[in-house]
Amino acid sequence: MPATAPSPTDADLPSVFATVESEVRSYCRSWPTVLASGKDSWVTDTEGRRYLDFFAGAGALNYGHNNAHLKGALLEYLSGDGIVHSLDIATTAKQHFLETFDRLILKPRGLDYKVQFPGPTGTNSVEAALKLARKVTGRESIISFTNAFHGMTLGSLSVTGNSMKRAGAGIPLVHATPMPYDNYFGGVTEDFGWFERVLDDSGSGLNRPAAVIVETVQGEGGLNVARLEWLQALADLCHQREILLIVDDVQMGCGRTGEFFSFEAAGIVPDIVTLSKSISGYGLPMALTLFRPELDVWAPGEHNGTFRGHNPAFVTASKALEIFWSTAEFAAETADKGALVRAGLEKIALSHHGISARGRGMAQGLRFDDADLAADVCRAAFERGVLMETSGPSDEVVKLLPPLTTSPGDLQAGLDILAESVAVAV
Ligand code: PMP
């Protein structure tokens, strides 16, 4: 049986949402308001109420809402009748994006990756990664980790941990084996040894996997942070056993943890990388699957799709890279802001029992031993004008993903409201 969620309500919304839109809607139940506009780190509803957005499109708005530079580039492109839709036909917008991505992201990091446009969402990118790993190795099984989240289509679900989401598949989710993520046993058991042992034991029953898919920080799984040495050991293990390493950077990439890719801090080079959410920079759907050139065994058209050439997203993506990633300044600023947020969270955690701070960079949160409190805190924060969501297997973590461009003053204002919300909820 899937875990039953507490029954949230969106009864205060105009009735069309309940009468016409499917029961599957979710965020609007936690935040029963109708948003009308957004600017940078703020959104405004139809009543004129402003909210500080510490949710940021679940990580899709790292540069905030309607960033002026990105909007300018987009409007200019549209007013010049630039091509909007193009499948994978070559366009000026795509050419400029590929050149800019290569010049500002890949080359400076010494990364030799081919770029695939797998379709517009994170799960599209993951599906392409899994298919490619299987095609390259001729093996079928994929290793995933406890509490992983990789998306809602069947391949991605098969490597996702959450039992409620998995149950939604309606068919067996196969060809994937979960392993303990770093610190799964709270440091009591050497988690990593388990994986190494079963890989090398011909009696373990583990089929030789095609790939391992991992998040460096599990965003949906409760802000679990893998130690950098754990990631390095995982990369070494994969390399030695000729297993492909896929880093799913859909949520933690594009600067969320500080540097552009979340794996940079560990000094590892994955074989395949998935990116989406903030790659367009403007909240426009866009995704990339990156892989070593030797892995580029696709036949032309073997993995295609109608929406792989959303040119407005290429335009804003190029502009975002030019504005934020031409120098190392933005990553350094993000690290400073992450430290500010972390300090605020540590302070809150110290003043109450059963609360701890967790996260890396600008993906930070508070974990509550009493899981129900996390939703109470988010509700109290919403009432006080801050949007933040819960994550984790029991929704026990209040997750903060503010736009990376949020000013230190606004970050502090949000933290103050969070502190107040915790005080009223506990
Ligand atoms: N991978 C990770 C790590 C994610 O966090 C998500 C979305 N939360 C996805 C994949 C799926 O992305 P999408 O919702 O765009 O399909």
Side-chain angles (χ1 to χ4, degrees), residues 38-41 56-57 59-86 88 90-117 120 122 125 249-264 273-290 308-338 361-362 401-407:
K39 188 68 192 151
D40 301 324
S41 300
L61 293 165
N62 279 3
Y63 316 114
H65 295 262
N66 293 302
N67 175 281
H69 301 286
L70 275 53
K71 185 167 75 176
L74 179 61
L75 291 176
E76 194 185 321
Y77 185 76
L78 293 176
S79 65
D81 283 338
I83 294 287
V84 170
H85 178 271
S86 59
D88 66 5
T91 62
T92 53
K94 189 189 214 179
Q95 179 180 352
H96 185 54
F97 170 73
L98 285 169
E99 287 167 355
T100 310
F101 189 70
D102 192 42
R103 176 170 59 85
L104 294 179
I105 302 299
L106 298 181
K107 286 261 158 57
R109 290 164 180 77
L111 292 171
D112 187 14
Y113 284 140
K114 294 293 283 288
V115 177
Q116 177 179 0
F117 297 98
S125 179
D249 237 1
V250 164
Q251 186 162 154
M252 292 301 149
C254 302
R256 178 50 62 185
T257 62
E259 286 158 302
F260 187 83
F261 293 107
S262 72
F263 54 80
E264 287 178 57
V273 181
T274 61
L275 272 186
S276 182
K277 292 205 191 263
S278 276
I279 185 64
S280 83
Y282 203 71
L284 297 175
M286 177 171 170
L288 307 177
T289 310
L290 313 175
R308 288 170 302 128
H310 185 37
N311 291 275
F314 298 152
V315 170
T316 54
S318 306
K319 198 63 173 181
L321 297 181
E322 283 158 5
I323 301 238
F324 296 104
W325 297 99
S326 290
T327 69
E329 210 176 311
F330 186 64
E333 269 173 32
T334 303
D336 289 347
K337 289 178 184 177
M362 276 282 269
L401 292 183
L404 308 178
T405 49
T406 308
S407 69

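- Atom CG of residue Leu275 and atom OG of residue Ser280 lie 11.5 Å apart, to the nearest 0.5 angstrom.
- Remark: side-chain polar atoms of Tyr113 are not paired, donor with acceptor, to backbone N or O of Thr289 under 3.5 angstrom.
- Side-chain contact between Thr316 and Phe97: absent, with no pair of heavy atoms (C-beta onward) separated by less than 4.5 Å.
- The number of heavy-atom neighbours closer than 6.0 Å to CD of Glu76, taken from other residues, nucleotides and ligands shown, is 12 or below.
- With contacts defined as side-chain heavy-atom distances shorter than 4.5 Å, the pair Pro285/His310 qualifies.
- Rounding to the nearest 0.5 angstrom, the gap separating the CD atom in Glu333 from the OG1 atom in Thr327 is 8.5 Å.
- Of the possible donor and acceptor atoms, none in the side chain of Asp40 sits under 3.5 Å from a partner among the backbone N and O of Gly64.
- Closest heavy-atom contact between Met286 and Leu288: CE-CD2, 4.1 Å.
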Exercise. Does the side-chain contact (heavy atoms from CB on, under 4.5 Å) test come out yes or no for Asp88 and Lys94, once each step is laid out?
Worked result: CA-CA 9 Å; Asp88 66 5; Lys94 189 189 214 179; 3.6 Å; yes
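- Side-chain atoms of Asn311 and Ser86 include a donor-acceptor pair closer than 3.5 Å.
- At distances below 3.5 Å, at least one donor-acceptor pair connects side-chain atoms of Ser276 with backbone N or O atoms of Gly122.
- Residues Ile83 and Phe314 fail the side-chain proximity criterion, which asks for heavy atoms closer than 4.5 Å.
- Between Phe117 and Leu98, the shortest heavy-atom distance links the atoms CZ-CD2, 3.8 Å.
- For Pro402 against Ala56, the heavy-atom pair with the smallest separation is C-CB, 4.3 Å.
- The shortest distance between side-chain heavy atoms of Leu401 and Gln251 falls below 4.5 Å.
- Considering NZ of Lys319 and CG of Leu74, their distance stands at 12.0 Å, rounded to 0.5 Å.
- Listed here is the closest heavy atom pair of Arg109 and Trp325: NH2-CE3, 4.0 Å.
- In summary, the side chains of Ser262 and Thr257 do not present any donor paired with an acceptor at a separation below 3.5 Å, with no hydrogens or angles considered.
- Counting only distance, with no hydrogens or angles, the side chain of Ser278 and the backbone of Gly59 share a donor-acceptor pair below 3.5 Å.
- The shortest heavy-atom contact between Arg256 and Thr334 is O-CG2, 4.3 Å.
- Nearest heavy-atom pair across Lys337 and Thr406 is NZ-O, 2.9 Å.
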Tabulate below the donor-acceptor pairs under 3.5 Å that side-chain atoms of residues 101-108 make, not counting sequence neighbours, or state none.
{"unit_1": "Asp102", "atom_1": "OD2", "unit_2": "Lys107", "atom_2": "NZ", "d": "2.8"}

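- In terms of the ring-ring contact (aromatic ring centres under 6.0 Å, His included) criterion, residue partners of His85 (sequence neighbours excluded) are, by chain and number, Phe307.
- Residues that satisfy the ring-ring contact (aromatic ring centres under 6.0 Å, His included) test with Phe263, not counting sequence neighbours, are Phe261.
- To the nearest 0.5 angstrom, Ser41 atom OG is 9.5 Å from Leu404 atom CG.
- With sequence neighbours excluded, the residues satisfying ring-ring contact (aromatic ring centres under 6.0 Å, His included) with Phe324 are Tyr63, Phe330.
- Checked against salt bridge (Lys or Arg N to Asp or Glu O under 4.0 Å), Lys71 has no partners two or more places apart in sequence or in another chain.
- Leu61 CG to Thr405 OG1: the interatomic distance, rounded to the nearest 0.5 Å, is 9.0 Å.
- Here Asp112 pairs with nothing under the salt bridge (Lys or Arg N to Asp or Glu O under 4.0 Å) rule; sequence neighbours left out.
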